[in-house]
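Working notes, structure below.
Every number for a ligand or one of its atoms is a count from 1 in the order of the listing.
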Amino acid sequence: MPLTLYNTLTRRKEPFEPIKPGKVRMYVCGITAYNYFHVGNARVFVVFDVVRRYLKWCGYDVRYVQNFTDIDDKILKRALAENSTMEQIAEKYIAAYFEDADRLNILRADAYPRATHAIDGIQRLIHELEQQQYAYAADGDVYYAVRQFADYGKLSGRKLEEMQAGASGRVDEEADKKKDPADFALWKAAKPGEPFWESRWGKGRPGWHIECSAMVRDELGESIDIHGGGMDLTFPHHENEIAQSEAVTGKPLAKYWLHNGFINMDGEKMSKSLGNFRLTRDLFANYDPMAFRLFVLQAQYRKPIDFTADALDAAVSSWKTLKEALQFGTQFAALPGWQSAATDNLDQTVVDRFNEAMDDDINTPIALSVVFELAKALSREGNQLVHQGKPDLPVEQLQRQWQTFASLINVLGLTAAEPQVSSDVVIMGVLAGLTGVVTIAEPEGLSDAAIEALIQQRQEARQSKNWAESDRIRNELQSQGITLIDQKDGVTRWHRN
Ligand SMILES: Nc1ncnc2c1ncn2[C@@H]1O[C@H](COP(=O)(O)OP(=O)(O)OP(=O)(O)O)[C@@H](O)[C@H]1O
Ligand SMILES: [Zn+2]
């Protein structure tokens with residue numbers, strides 16, 4: 001079965017066929033940098049990280065772009081409250097984004113464009129819209145004339161007549177200047193004391209929606225394969241992106257529109273404006289980030305998730321199962337007959353079952369059930385080894401299972417490496433008194449977690465083509481008796497010499 005993805009635009013699952021065979025261009029709307037991100041926002045990053053990893057696993061060459069909105073009313077408000085500047089606030093929360101996303105093992109994007117660095121492209125796009133009668137200037141502002149775009153509403157399925165003025169939820173103080181209440185701002189005249197850019201319309205700054213249209217075009221071109229974000233972005237944000245981009249280019253902005261469901265608290269969407277949120281970094285004080293990642297992946301990405309202590313605790317214990325299986329890897333690798341040479345010898349039947357689940361609109365809960373079966377089998381073998389001195393399975397078969405497990409778990413972005421953990425390997429960060437903290441004895445030399453953290457760092461160095469750093473890490477590990485094996489699928493395996 002080919003990969004099928006639910007496309008919000010067509011409202012059905014469709015076979016995935018990228019515009020250029022073998023290549024995928026993907027854009028995901030990122031954070032507005034005025035606060036630490038909450039666990040609802042984290043779902044977006046985890047979900048699209050897995051989509052990206054799976055596409056790579058399928059052999060696609062993926063270019064992944066995620067933006068930062070670093071100019072916005074909310075950032076300006078926060079700057080005022082913190083007696084700071086817009087730039088400082090944005091810098092602070094962008095740095096915080098990377099800290100939290102790294103702990104979630106989110107792969108770094110290929111580019112992180114920022115609105116304030118894309119002003120030329122934004123102004124160019126607005127001007128083109130104006131020239132083609134899709135936009136009009138009004139007293140220093142510029143608005144998009146939604147009635148000019150015949151396809152307006154095609155993504156969200158909303159009819160213009162049904163739309164409410166100011167439906168975006170973002171402050172709309174310019175009602176008098178608009179020709180139609182459904183029109184939206186592309187450019188806003190600067191208010192006294194606000195940051196501004198010079199433009200043909202006077203001093204001002206961009207609206208939110210136009211940023212993404214311009215950044216997609218700057219970074220990825222006029223038509224991309226996948227555009228992603230949370231469900232609430234369908235309208236108005238993505239509807240408006242389509243109106244802006246397609247009016248000018250005459251081409252589809254994105255072939256597949258993917259939207260994840262919400263993380264809810266007491267039946268309501270977790271959100272900053274409603275105030276019912278839990279910051280990801282606060283959660284990590286008590287929960288292992290990988291347990292949370294698993295919590296997210298235990299639901300198919302379009303389904304809602306209830307954020308409850310019970311569900312989190314269940315994820316903690318599930319992660320313990322996977323992590324224990326991972327821990328046995330070191331012992332297995334010491335078995336006589338364990339091949340140290342790189343091999344792509346995976347259990348194809350298991351891989352097929354995993355792929356089949358992922359091909360069905362990234363059905364991670366089913367894919368995870370395949371991974372859990374493997375984990376349980378490996379743990380059984382590990383216990384045999386510990387208690388009987390040898391596993392039940394022949395080493396070759398065991399190695400195949402192990403490699404399959406390690407490869408599949410990596411597609412889901414689950415890793416035993418924990419940057420915050422040093423000498424003792426704390427398996428679970430759990431709420432005190434729930435399941436306790438499990439600590440296991442370290443083998444001599446570098447711990448598994450430390451090795452995997454270094455491998456992760458090397459992976460990042462390789463992604464940014466920093467070959468010197470990548471070699472340095474390989475040599476450092478080699479000098480500590482650790483050999484790295486780069487597999488064709490991009491996974492790096494390791495063993496102690
Ligand atoms: N509860 C949630 N579950 C899943 N995704 C979410 C949730 N809340 C926000 N998102 C997604 O996170 C990304 C950033 O959203 P945003 O900054 O608007 O968060 P928010 O909490 O909804 O903020 P606000 O309430 O200020 O609009 C978007 O892709 C959005 O769809
Ligand atoms: Zn966007």
In short, side-chain hydrogen bond (donor to acceptor under 3.5 Å, both in side chains) pairs touching residues 133-142 with sequence neighbours left out are Tyr136-Asp183, Asp141-Tyr143, Asp141-Lys177
Is it the case that ligand 1 has an N or O less than 3.5 angstrom from some N or O of [X]?
X      : result
Phe262 : no
Thr32  : no
Gly40  : yes
Arg43  : no
Met270 : yes
Ile263 : yes

| Below 4.5 Å, heavy atoms only, C-beta onward: do Ile71 and Pro195 meet side chain to side chain? | yes
message = Would you say that Leu220 contacts Tyr27 through its side chain, given a criterion of any heavy-atom pair below 4.5 Å between the two side chains?
response = yes
What part of [X] sits under 4.0 Å from ligand 1 if we count only heavy atoms: the side chain, the backbone, both or neither?
X      : result
Asn41  : both
Leu274 : neither
Tyr34  : side chain

Show which atoms of ligand 1 fall inside a sub-4.0 Å distance from at least one heavy-atom site of [X].
X      : value
Val44  : 5 (N), 11 (C), 12 (O), 29 (O)
Lys269 : 1 (N), 7 (C), 8 (N), 9 (C), 22 (O)
Lys74  : 24 (P), 26 (O), 27 (O)
Gly230 : 29 (O), 31 (O)
Gly261 : 4 (C)
Asn260 : 4 (C), 5 (N)
Ser271 : 21 (O), 22 (O), 25 (O)

Quiz item: Does the cation-pi check pass for Arg52 over Tyr64, that is, NZ or CZ under 6.0 Å from the six-membered ring centre and within 45° of its axis?
Solution: yes
**Study point:** Cation over ring face, Lys13 and Tyr6, 6.0 Å, 45°
**Key:** no
Between [X] and [Y], is the ring centroid distance below 6.0 Å?
X      : Y      : answer
Tyr152 : Phe149 : no
His209 : His238 : no
Phe98  : Phe68  : yes
Tyr256 : His227 : no

dist Tyr97:OH -> Tyr36:OH (nearest 0.5 Å) comes out at 16.0 Å
Interatomic distance, CG@Asp361 vs CZ@Arg12, rounded to 0.5 Å, equals 13.0 Å
Filtering Val47, Ile31, Asp232 for the heavy atom nearest atom 30 (C) of ligand 1 leaves Asp232
Rounded to 10°, the NE2/His237 to the Zn ion (ligand 2) to SG/Cys29 angle comes out at 120°
